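Residue numbers begin at 1 in each chain, while the letters A, B, ... track the order of the sequences. Note that this is a predicted model, so its numbers are computed, not measured.
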2 protein chains.
Amino acid sequence: MAVRLKDIARDLGISVITASKALRGAKDISEDTRQRVLKRMQELNYRPNMMARGLAKGRSFLVGLVVPDLLHPFFAEFAKSLNGVLRQQNYGIFLASSEEDPEIERQEIRQVLARGVDALLIASCQQTLEGFYGMEDQRTPFILVDRDFPHLRANFVGTDDVMVGRLAATHLVEAGRKRIAHIAGPELSTGADRLFGYRDVMRRNGLDVPESYVIHNSKVEELGEAAGYQGMQKLLALDPRPDGVFCYNDLMAIGAMHAALEAGLAIPQDIAFIGCGNVRYSEYLRIPLSSIDQSTARLGEQAGMLALELIQNRDAAPSKKLLEPAVIVRASSRV
Amino acid sequence: MAVRLKDIARDLGISVITASKALRGAKDISEDTRQRVLKRMQELNYRPNMMARGLAKGRSFLVGLVVPDLLHPFFAEFAKSLNGVLRQQNYGIFLASSEEDPEIERQEIRQVLARGVDALLIASCQQTLEGFYGMEDQRTPFILVDRDFPHLRANFVGTDDVMVGRLAATHLVEAGRKRIAHIAGPELSTGADRLFGYRDVMRRNGLDVPESYVIHNSKVEELGEAAGYQGMQKLLALDPRPDGVFCYNDLMAIGAMHAALEAGLAIPQDIAFIGCGNVRYSEYLRIPLSSIDQSTARLGEQAGMLALELIQNRDAAPSKKLLEPAVIVRASSRV
DNA sequence: GGCGGGAACGTGACCGTTACCGTTAACACG
DNA sequence: CGTGTTAACGGTAACGGTCACGTTCCCGCC
């Protein structure tokens, strides 16, 4: 089958450990034999067996990544840039997608932990860690990605979502809108934070936010165009109709704009839109969509680096990394 | 640290083997002890160590997935649906992204194989397997995804790309277009096949395809909006300007439409567009984009099932699974 | 010549699990 | 009562590495 250290060693008439040392660059080995070993490894196309190494070292050189939905460009881009960082340290990604289903998520976490991943990155679709992992006993360091758990002293890498809400609302206010609605996300951290930032800015500007101006989407699983479309239907039915809408994400904004256009409204004259996430297509839409950029690629890098740090130093104090979002203005809200 | 079989066994006053048997549902064990073992495992939140199991069994319960670009919705969706299939068999995904770079791809393949994956799914960014894996020695079954290598008797799961070209061209012909251009993809299998299908239909319809009507994109790494935009610039400069364009993928089509609109053309009156991939946003674009749907989710399922089959039966004859594409007509080409 | 010390390499145990085969005890049967 | 059969369980040796120590050998030094 595959070439083993044993084969290399027998070939060269040395012991397995010596070969192992050469491989790992240990110091008590002569430069000469090291070269001979490495050369032979090249020739035989030797690849260390990571399972064996992992078992022996108690490390797997594997990082677990659990996301709610790979199709969402945010997570796809995150995974991509994470991969870039980890590759350089010979770390691999064990990928699992929970489909925004807590039950599946639990299953996936079991799987991931069973693999003995050295760290776990997770964008959970749950509201709380409550008895949830069977992770307590585990010493596996984990990092919450994008979605934080309130009041939990855990590692976190994500966007400053309060700022997202603030930027979006501020932008619409500056675009001269008075009746600004919000099609909100789930009441997880990100959704709650964006809502909070939005409400805060509205209050500071003396603008009213009637209850009906905030569309809640309790179902975590539906954060796509359809939810945006339906949310917009409700907003369109209101009497003082909103003249600006901040949507939880770009997909929902796309759906919402669709509904507005169908209703015969002009964007941005009658109603302005801004989303969040700055997905790749935003600028090519029927009406190019303003958005809040989360610099997702940098998030992935940060998370990867933090993971590697935690692996080195298991009991570092939990750290929270918040990246600053930025407004990208396009036609959907340009004055 | 983590709970081991040894702990369970000591607890219950039985041997490790017996515990192991209970876990795996072996037959030579009494129902009574099996229950006791399973119960204790529950209580202690035991999770089998997959590295140890993998080492012992010579299987990793891991499938490697190497894609050129996770950000591309096709691969994201593929990965997502693959994950769904594998989860049910307790198989996991080892993910690697090559960024359309052959050098990185080689690196990733090494990594993946070193993990001892039981099967490898790969959408290669290379033109050939030529000495490329150091896979020959490996017994790891592999499946080419989306991009086939010509003349190679390997497992393949993908779209019938000749049909893609045929459908796209036929559709434009039926929409009354005479001067149909093609912004092509790389000269890998998919690009070549779509080009072939397109050319074939053109010929059968007695339509001319001047050399300048086919824009080649040799650089694998650039298959996005930019390439489409630039390709379209060239087409716009031609004298008998095309009145229909078939683009290798939706992203390129989006870029191309952008260029056409900028040039003041009306879509689809002056020029019609059709892409391929049917990405999520296609229908929300400035001009909703016609596309060829590849039923990506089904591709993922098929690939997953094939992988599991190959793992069971290592020397099954190579099989090629081609899924039928379908035309999705939207405004960009509606007559 | 005996001793200390370092460089280079090897011995054995172990990581957690499984495969293979052996052992034990109970029971049926002629 | 001896023999054979079967069910339930365990001992041993792997799987391919790594780690903590030994061991060997050579050199220099007093």
Side-chain angles (χ1 to χ4, degrees), chain A residues 1-38 40-41 44-62 90 113-118 137-140, chain B residues 1-38 40-41 44-62 90 113-118 137-140:
Chain A
M1 294 295 193
V3 186
R4 299 155 304 169
L5 275 186
K6 193 192 289 188
D7 303 321
I8 307 270
R10 185 169 12 76
D11 256 40
L12 267 48
I14 60 177
S15 79
V16 179
I17 325 86
T18 308
S20 170
K21 284 174 181 169
L23 171 62
R24 297 167 356 233
K27 55 268 146 237
D28 69 339
I29 189 179
S30 75
E31 193 50 33
D32 177 56
T33 47
R34 183 205 308 295
Q35 289 309 332
R36 277 167 48 226
V37 171
L38 293 181
R40 201 81 191 95
M41 284 181 172
L44 296 184
N45 191 22
Y46 169 78
R47 275 183 292 268
N49 179 322
M50 298 307 271
M51 290 193 293
R53 173 180 287 182
L55 192 56
K57 297 198 70 148
R59 292 172 52 179
S60 60
F61 296 91
L62 211 52
N90 272 305
L113 291 182
R115 299 288 167 173
V117 296
D118 294 339
D137 52 327
Q138 217 74 28
R139 299 268 300 126
T140 312
Chain B
M1 292 297 193
V3 187
R4 298 154 303 170
L5 275 186
K6 192 192 289 187
D7 303 320
I8 308 269
R10 185 169 11 77
D11 256 39
L12 266 49
I14 59 177
S15 80
V16 180
I17 332 295
T18 307
S20 170
K21 284 175 181 167
L23 171 63
R24 296 163 2 230
K27 54 267 147 243
D28 69 339
I29 188 179
S30 75
E31 193 50 34
D32 177 56
T33 47
R34 183 205 306 296
Q35 290 308 332
R36 278 167 48 227
V37 171
L38 292 181
R40 200 84 192 94
M41 285 179 172
L44 296 184
N45 192 24
Y46 168 79
R47 273 184 293 268
N49 179 323
M50 298 306 272
M51 291 192 292
R53 174 179 286 181
L55 194 56
K57 296 199 69 149
R59 292 172 53 179
S60 60
F61 296 91
L62 211 53
N90 272 306
L113 291 182
R115 299 288 168 173
V117 296
D118 295 339
D137 52 329
Q138 217 74 28
R139 298 268 300 130
T140 312

To the closest 0.5 Å, what do you measure between CD1 (I14(B)) and OG (S20(B))? 10.0 Å
Drop me the distance from N49(B)'s CG to M51(A)'s CE, to the nearest 0.5 angstrom. 11.0 Å
Distance, rounded to the nearest Å, where [X] contributes [atom1] and [N] contributes [atom2]:
X: L23(B); N: dG16(C); atom1: CG; atom2: P; result: 15 Å
X: R4(B); N: dG16(C); atom1: CZ; atom2: P; result: 5 Å
X: L12(B); N: dG10(D); atom1: CG; atom2: P; result: 11 Å
X: I14(A); N: dA7(C); atom1: CD1; atom2: P; result: 19 Å
X: K6(A); N: dT11(C); atom1: NZ; atom2: P; result: 14 Å
X: F61(A); N: dT18(D); atom1: CZ; atom2: C1'; result: 11 Å
X: R115(B); N: dG17(D); atom1: CZ; atom2: P; result: 14 Å
X: L55(A); N: dT17(C); atom1: CG; atom2: C1'; result: 8 Å

Start at the 5' end of DNA chain D and walk down; is the nucleotide closest to R36(B) or to K57(B) reached first? R36(B)
Both R34(B) and V16(A) contact DNA chain D. Taking the nearest nucleotide for each, which residue is further toward the 5' end? R34(B)
Has [X] got a side-chain N or O lying under 4.0 Å from the OP1 or OP2 atom of [N]?
X: R53(B); N: dG16(C); value: no
X: T18(B); N: dC9(D); value: no
X: S15(B); N: dG11(D); value: no
X: Y46(A); N: dG16(D); value: no
X: K27(A); N: dA7(C); value: no
X: R24(A); N: dT18(D); value: yes
X: S30(A); N: dA7(C); value: no
X: K21(A); N: dA8(C); value: no

Side chain of A52(A), heavy atoms from C-beta onward: which of dT17(C), dG17(D), dT18(C) has the nearest atom to it? dG17(D)
Of the nucleotides dG16(C), dC9(C), dG16(D), which one has an atom closest to the side chain of N49(B)? dG16(C)
Can you list the steps and then say if L23(B) with R53(B) is a side-chain contact (heavy atoms from CB on, under 4.5 Å)? CA-CA 12 Å; L23(B) 171 63; R53(B) 174 179 286 181; 3.5 Å; yes
Taking C-beta and beyond as the side chain, do L62(A) and R115(B) meet within less than 4.5 Å on heavy atoms? yes
Counting the atoms with a prime plus P, OP1 and OP2 as sugar-phosphate, which does I17(A) contact under 4.0 Å by heavy atoms, base, sugar-phosphate, or nothing? base
Using a heavy-atom cut-off of 4.0 Å across all strands, would you classify D28(A) as base, sugar-phosphate, or nothing? base
Is there a donor-acceptor pair under 3.5 Å between the side chain of R40(A) and the backbone N or O of D7(A)? no
Give the minimum heavy-atom separation between A19(B) and V37(B), together with the two atoms involved. O-CG1, 4.0 Å
